[in-house]
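This report refers to the structure that appears directly beneath it.
First the proteins, then the strands, lettered A, B, ... as listed; each starts at 1.
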2 protein chains.
Amino acid sequence: MKNNRITLKDLAKDLNLSPSTISRALQNHPAISDSTKKRVQKIAEELGFTPNSIASSFRKKKTQTIGVIVPRIDIHFHSLAISGIEEFAYNKGYNVTIFQSKDSLKREKEILKILQNKMVDGVIICLGIETKNCEHFKKINKLGIPLVFYDRVPTDFDANKIVINDLESAYLATEHLIKNGCKRIGHIAGSQSTDIFKARLDGYKTALKKYNFPIDESLILYTNNLSYDEGVQCAEKYLSNEQQPDGIFCANDYTAVSVIQVFRKAEIKIPEDVAIVGFSNYPISKIIEPHLTTINDRAFQMGEAATKLLIRQIEEKDDFIKSETITLQTELIIRESSFR
Amino acid sequence: MKNNRITLKDLAKDLNLSPSTISRALQNHPAISDSTKKRVQKIAEELGFTPNSIASSFRKKKTQTIGVIVPRIDIHFHSLAISGIEEFAYNKGYNVTIFQSKDSLKREKEILKILQNKMVDGVIICLGIETKNCEHFKKINKLGIPLVFYDRVPTDFDANKIVINDLESAYLATEHLIKNGCKRIGHIAGSQSTDIFKARLDGYKTALKKYNFPIDESLILYTNNLSYDEGVQCAEKYLSNEQQPDGIFCANDYTAVSVIQVFRKAEIKIPEDVAIVGFSNYPISKIIEPHLTTINDRAFQMGEAATKLLIRQIEEKDDFIKSETITLQTELIIRESSFR
DNA sequence: CTGAAAGCGCTTACAG
DNA sequence: CTGAAAGCGCTTACAG
């Protein structure tokens, strides 16, 4: 049943041509006559010949494969990014092999080794939480395999990166609250060992300063994972504060949603009493009532941009490796939770 | 910078051994002496040798790669399934190459061809909407590449399948409404050209019959995609009905959520006036208020089960291909939207 | 426009 | 316990 695969050699025998000629004809090589090409294509079709890409990859040292490492596939942000990666790669003739690091440094290293062995043409990666330095990426660089980081990117490592303007986005979100008349604006922050959440806190503070608002540390609440449950805790903390905020910029949509729900239960009106802004434009932001003002974080576009940059690096003949950082512009989506 | 990869031959020269011996030593072949193995492993480590898996795959005709085709990656159900696939495959030493069919039959066929050429060891697939027959899978079967379908599986094609008990789940959901005292139970149905949604409608009707409830066609509303917006339309239709339902079983969570929201705006109390049950246990079901009773559709476990079955087929030596259908048991998760 | 030859880096049946 | 040899199915520089 197996092993009945047809090879170039079989076609060659059938047509009394050499395998070289068959190979070239199928690649539409200019040196081959049109009549030969037609004969070859016809018989290939008839016999159902399909080229063995592994043999070709092996010979050419080019696999047309991109390795992708994400912390988890089932996080909406990443599944959107992967979708963008697959879509762009597919249209360019590349395949995508996917791995979850589960935020484990050990696993990240293992995966990198596999990717080297598999001779992928390039790697796209969003770093795991445990990853504090990038020693393990040096070898893959030395092998000449292009690398693009997205979202969670290294700071101490010269590399291709796709990011969004987190600081500016947070600034705009906060400014939006200010312009809507909020006087005491709180912030629910993510882990400050992660750059993007540090940037969001920075953006918040920058906006307050710019408008001559005091920075009130009692209005800034810190979380570990920005989980829904942590959001509930934060909301309750705000409720027990002496002075409650009249606007809150949350570093993601989950915490924003939990705040909305806790506050509404406490008979606090949103947006009238407290205006809320989230971050990420998760599907739930369009479903929760009131609909949530948030930042579109361009996950799909990040995937596309990463793949575009990577493929350019793969296909450029230049011997030296350049490093490029592309910053995608986010978008403040104003919905009912903040508009008054 | 490139092409400095170390090969077996290099190691062999360094140690005055043959490449055969190096190869065997690295595979921990029993015929090789321990001392030799140690020497080989030591120098491999020192020189940073990593085997070229492409060469190995080519030689062994085994790629340790599983091809996965899903309609879309960014649908939560599929990203969960993929997560299960990747997790299980990784632990078994397989890699996962992923494709989106975008529900296009043409693309599904293209992808299958790529997977054949890439010599994947097996394929896991959830059929696209356009796919009505399975002619295009016959060739891959003939090549001896094992195939496992999940969720949306073919009916006219003998193959390995992973499914959930849709009919029974729908039966239990409907029965739950009955037992909670609902007298007029509606159903929001998915496209009836898709088997799983047909089964859910069937389960609903079966439960009604079992408990001697009449089947009132005016209470069954049909949608194309079970989208949030269609759910809103259905809810409005129910509101304009002469007699409103006092319980609704929705074929997915999105429509259930939209019904909850529309009804609450119309001052209809949930679950007191109308009890709602959804299907899929999407993250939103735990966030919407009241929390949504729903069916856990075991997406992650489907991915795992599909991969487990596939790998068994790949690694079993038997020449004949067996077909197996595995039905995963779902779970009714009772939350506030239906409990009274 | 076509062909012969070499070789990509492994693995493995065979021989010793 | 180790080695020599063949070969997986392509591609491509070289020759004509």
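Considering only side-chain N and O atoms, B/K62 lies nowhere under 4.0 angstrom from the phosphate OP1 or OP2 of D/dC8. Taking 4.0 angstrom as the limit, A/K9 places none of its side-chain polar atoms (N or O) nearer than this to OP1 or OP2 of D/dC8. Using a 4.0 Å cut-off, no side-chain N or O of B/T7 falls inside it from OP1 or OP2 of C/dG9. In terms of phosphate contacts, B/S18 brings no side-chain nitrogen or oxygen within less than 4.0 Å of OP1 or OP2 of D/dA4. A sub-4.0 Å separation between OP1 or OP2 of D/dG3 and a side-chain N or O of B/S20 is absent.
Contact check on A/K308 versus A/E304 returns no salt bridge, with no Lys/Arg side-chain nitrogen under 4.0 Å from an Asp/Glu carboxylate oxygen. Remark: A/K113 does not engage A/E110 in a salt bridge, criterion side-chain N to carboxylate O under 4.0 Å. Note on B/K62 versus B/D121: salt bridge recorded, some NZ/NE/NH1/NH2 to OD/OE distance being below 4.0 Å. A salt bridge links A/R107 to B/E86: one of the charged nitrogens lies within less than 4.0 Å of a carboxylate oxygen. Salt bridge present: B/E87 and A/K102 bring a charged side-chain N and a carboxylate O closer than 4.0 Å.
Residues B/R24 and B/T50 each lie close to DNA chain C; by heavy-atom proximity, the contact nearer the 5' end of the strand is made by B/T50. Sequence order on DNA chain D of the closest nucleotides to B/K60 and B/I22 puts B/I22 first from the 5' end.
Between the P atom of C/dC10 and the CG atom of B/D10 lies a distance of 9 Å, rounded to the nearest Å. Atom CG in B/L15 sits about 17 Å away from atom P in D/dC1, given to the nearest Å. Following rounding to the nearest Å, A/H29 (NE2) and D/dT11 (P) show an atom-to-atom distance of 12 Å. Atom pair A/Q64:CD and D/dC10:C1' shows a separation of 15 Å (rounding to whole Å applied). Remark: P of D/dG9 and CG of A/L26 are 16 Å apart, rounded to the nearest angstrom. Note: CG (B/L8) to P (C/dT12) measures 12 Å, nearest angstrom. Across the protein-nucleic acid pair, A/Q27 atom CD and D/dG9 atom P stand 17 Å apart, rounded to whole Å. In this structure, the NZ atom of A/K13 is 13 Å from the P atom of D/dC10, given to the nearest Å.
In this structure, A/T194 contributes its side chain and A/I196 its backbone to no donor-acceptor pair below 3.5 Å. No side-chain donor-acceptor contact under 3.5 Å links A/Q313 to the backbone of A/L147. In this structure a side-chain-to-backbone donor-acceptor pair under 3.5 Å is missing from A/R152 to A/C126. Although no hydrogens or angles enter the test, the distance criterion places a donor-acceptor pair under 3.5 Å between the side chain of B/K37 and the main chain of B/H29. Between the B/T307 side chain and the B/G303 main chain, a donor and an acceptor come within less than 3.5 Å of each other.
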Which dot-bracket string describes DNA chain D (Watson-Crick N1-N3 plus N6-O4 or O6-N4, or G-U N1-O2 and O6-N3, all under 3.5 Å; [ ] crossing; | other strand)? |||.||||||||.|||

With side chain to side chain donor-acceptor pair (under 3.5 Å) as the criterion, how do A/K118 and A/Q116 come out once you've worked through the C-alpha distance, each side chain's angles and the decisive distance to 0.1 Å? CA-CA 5 Å; A/K118 283 228 145 186; A/Q116 284 165 38; over 6 Å; no

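Residues passing the ring-ring contact (aromatic ring centres under 6.0 Å, His included) test with B/F149 are B/F137, sequence neighbours excluded. Every residue was checked against the salt bridge (Lys or Arg N to Asp or Glu O under 4.0 Å) condition with B/R24, not counting sequence neighbours, and none meets it.
To the nearest 0.5 Å, atom CD1 of residue B/I140 and atom SG of residue B/C134 are 12.0 Å apart.
Sorted by residue number, the list of members of residues 110-119 of chain A with any non-hydrogen atom under 4.0 Å from DNA chain C is empty. Of the residues in residues 30-46 of chain B, those lying under 4.0 Å from DNA chain D by heavy-atom distance are B/P30, B/A31, B/I32, B/S33, B/T36. In the region residues 51-59 of chain A, proximity to DNA chain D at under 4.0 angstrom, judged on heavy atoms, holds for A/N52, A/A55, A/S56, A/F58, A/R59.
C/dT12 and C/dG16 have their C1' atoms separated by 16 Å, with the value rounded to a whole Å.
For B/D103 against B/E130, the heavy-atom pair with the smallest separation is O-CG, 3.3 Å.
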